Student: 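Take this structure first; my questions come after.
Position 1 is the first residue of the sequence, and the numbers go up from there. Bear in mind that the values here come from a model prediction, so they are computed numbers and not experimental data.
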Amino acid sequence: ANFSNAGSLTGVVNAYEPRSYQTMENLWRNVEGVLAGAAHAADYNLYWGAAGKIDSVIDYTYNSPLPFKATAGATWGVLNAGAVAGGKLATTSFGCVEPLRSRSDVSGEMGSCGTAVNLSQTVVPGPVIFNTGTSDLWAGQTQQPNNGFGLYIAGHIFQFELAGGTVPAAGTVWSLRTYVGAIDGGTDGGTRNFGPYVFTPFASSLNAPGATLSTTITANNQNLKTASGDLSAIHTVPDPYYVTDGFEASPTSKVIKFVNLPERCSIRIYSTSGVLVRILDHRSTSGQQGAEDWDVRNRNNQVVASGVYFYSIESSTGPRVVKRLTIVNFSQ
């Protein structure tokens, strides 16, 4: 007879959610099974507008609005007593809402309904009946002393009895947290004991309307000095060098980078005929650690011609290495 099984809210006498094996008979699980595809673990905020109209329902877990729809799905809607036969809203009245109305596997639990009933965005309080499960569904009827309404949110059916039958004021916010999982434990009424009750959450599919998946990758690119004695990773960027690259601030300020350098080394650049083109003396600084820039000019400050060049790296931390690079340039 305790119908406040779904939390508490200001101005609400009873917040009730029918549950198989708890408040309804075991076959109510068929109703829950039909609606399970629309349910997911989430936090919702319901925002009240003026004159009983619900302004919006926001799924804050997925940062997306839950859309209103006149039928039950991954949506929300209000069921009023005035919309159902007899003018009294019972738990089983949701059986008149599609897709429950068309499902033969739930008609035994919710009764048959000749005319489909649409959900609404506006609450019109009326008489409410909270069904509790027996073999005769209607034998468990208990009409509440105050008017109320029914609410469907993403696979969950609720009924509310309002204090004095008064709808919440505009600007009121109701919060709902839903779960997806299973409860195990207890006894079977006989000799078997399955231990304490335990709730096990289940991961559900990403079925929230408007939900998106995104990945943010933060890259921390650094030129680090080469470990002592290891010069094998030294190379030039770009290679080949073709007229210009992204390191250059203007068409005349050319840059080729030598990277993965040790803390101290000498770079000698030669033409294929063995002529010394340039000497770079590398000393690592905090802003240029492990890298040295070459302005693609020779010892006479002239831009070098296109061709293949060799460079020699000499360091006190390891043996000398010789590598090559290719330059495609224009004449100045």
Side-chain angles (χ1 to χ4, degrees), residues 6-7 17 32-49 54-77 99 119 121 151-158 173-184 198-227 230-250 253 255-263 284-293 325:
E17 181 179 16
E32 296 166 337
V34 171
L35 299 177
H40 59 274
D43 287 311
Y44 300 95
N45 273 2
L46 182 152
Y47 295 89
W48 286 90
I54 296 175
D55 178 76
S56 59
V57 176
I58 305 298
D59 180 342
Y60 276 95
T61 299
Y62 295 102
N63 193 32
S64 61
L66 193 70
F68 162 77
K69 194 175 181 181
T71 55
T75 54
W76 69 271
L119 299 176
Q121 289 182 270
L151 177 65
Y152 171 83
I153 293 184
H156 296 268
I157 292 173
F158 299 97
V173 181
W174 283 6
S175 296
L176 167 66
R177 172 167 290 178
T178 59
Y179 300 88
V180 177
I183 298 174
D184 300 291
V198 176
F199 174 76
T200 304
F202 291 160
S204 58
S205 59
L206 186 63
N207 58 355
T212 59
L213 289 175
S214 62
T215 301
T216 301
I217 299 174
T218 301
N220 184 17
N221 297 319
Q222 302 180 61
N223 288 320
L224 301 178
K225 64 181 181 181
T226 299
D230 181 15
L231 305 182
S232 61
I234 295 173
H235 62 93
T236 55
V237 180
D239 187 11
Y241 174 88
Y242 188 81
V243 180
T244 185
D245 62 45
F247 300 122
E248 299 166 353
S250 71
S253 60
V255 176
I256 292 178
K257 283 185 177 289
F258 294 85
V259 298
N260 298 327
L261 298 173
E263 187 173 4
S284 288
T285 63
S286 58
Q288 192 77 335
Q289 191 174 31
E292 185 70 32
D293 290 352
L325 70 149

Student: Taking only residues two or more places apart in sequence, or in another chain, which ones meet Thr71 in a side-chain contact (heavy atoms from CB on, under 4.5 Å)?
Tutor: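 Partners of Thr71 by the side-chain contact (heavy atoms from CB on, under 4.5 Å) criterion, ordered by chain and then number, come out as Lys69, Glu98.
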
Student: Closest heavy-atom contact between Ser175 and Asn45?
Tutor: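 Minimum heavy-atom contact is OG-OD1, 2.9 Å.
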
Student: Output the distance between atom CD1 (Ile153) and atom OG1 (Thr178), rounded to the nearest 0.5 Å.
Tutor: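 That separation rounds to 9.0 Å.
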
Student: Which atom names give the shortest non-hydrogen contact between Val180 and Ala41, and what distance separates them?
Tutor: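 Val180 and Ala41 have their closest heavy atoms at CG2-N, 3.4 Å.
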
Student: Please report the closest heavy-atom contact between Tyr44 and Ala154, naming both atoms and the distance.
Tutor: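 Tyr44 and Ala154 have their closest heavy atoms at OH-CB, 3.5 Å.
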
Student: Find the distance between CD1 (Ile58) and OG (Ser64) and round it off to the nearest 0.5 Å.
Tutor: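 Rounded to the nearest 0.5 Å, the CD1-OG separation comes out at 8.0 Å.
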
Student: Quick check for you: to the nearest 0.5 Å, what is the distance between Tyr179 atom OH and Phe202 atom CZ?
Tutor: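 Between atom OH of Tyr179 and atom CZ of Phe202 there are 15.5 Å.
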
Student: Looking only at non-hydrogen atoms, find the nearest pair between Phe258 and Leu261 and report the distance.
Tutor: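 Of all heavy-atom pairs spanning Phe258 and Leu261, the closest is O-CD1, 3.6 Å.
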
Student: OG1/Thr75 to CZ/Phe68 distance, rounded to the nearest 0.5 angstrom?
Tutor: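 Between atom OG1 of Thr75 and atom CZ of Phe68 there are 8.5 Å.
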
Student: When you measure from the side chain of Tyr152 to the backbone N and O of Gly73, does any donor-acceptor pair fall under 3.5 Å?
Tutor: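 Confirmed, Tyr152 side chain pairs with Gly73 backbone.
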
Student: Are side-chain heavy atoms of Arg177 and Asp43 found at a separation under 4.5 Å?
Tutor: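 They are in side-chain contact.
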
Student: Looking at OG1 of Thr61 and NE2 of His40, how far apart are the two atoms once the value is rounded to the nearest 0.5 Å?
Tutor: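 Rounded to the nearest 0.5 Å, the OG1-NE2 separation comes to 6.5 Å.
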
Student: Closest approach of Ala74 and Ala38, non-hydrogen atoms and distance?
Tutor: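 So the minimum-distance heavy-atom pair works out to N-CB, 3.7 Å.
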
Student: Indicate yes or no: at least one non-hydrogen side-chain atom of Val57 is less than 4.5 angstrom from one of Leu176.
Tutor: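 In short, these two side chains do not touch, never coming nearer than 4.5 Å.
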
Student: Hey, could you give me the NE2/CG distance between His156 and Leu151, rounded to the nearest 0.5 Å?
Tutor: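 Taking NE2 in His156 and CG in Leu151, the distance rounds to 11.5 Å.
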
Student: Could you go step by step and tell me if Leu46 and Trp76 meet the side-chain contact (heavy atoms from CB on, under 4.5 Å) rule?
Tutor: CA-CA 10 Å; Leu46 182 152; Trp76 69 271; 5.7 Å; no

Student: For Tyr241 and Val255, work out which heavy atoms get closest and say how close.
Tutor: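 Tyr241 and Val255 have their closest heavy atoms at CE1-O, 3.8 Å.
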
Student: Are the side chains of Trp48 and Ile54 in touch, meaning some heavy atoms are under 4.5 Å apart?
Tutor: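 They are in contact (side-chain heavy atoms under 4.5 Å apart), so the answer is yes.
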
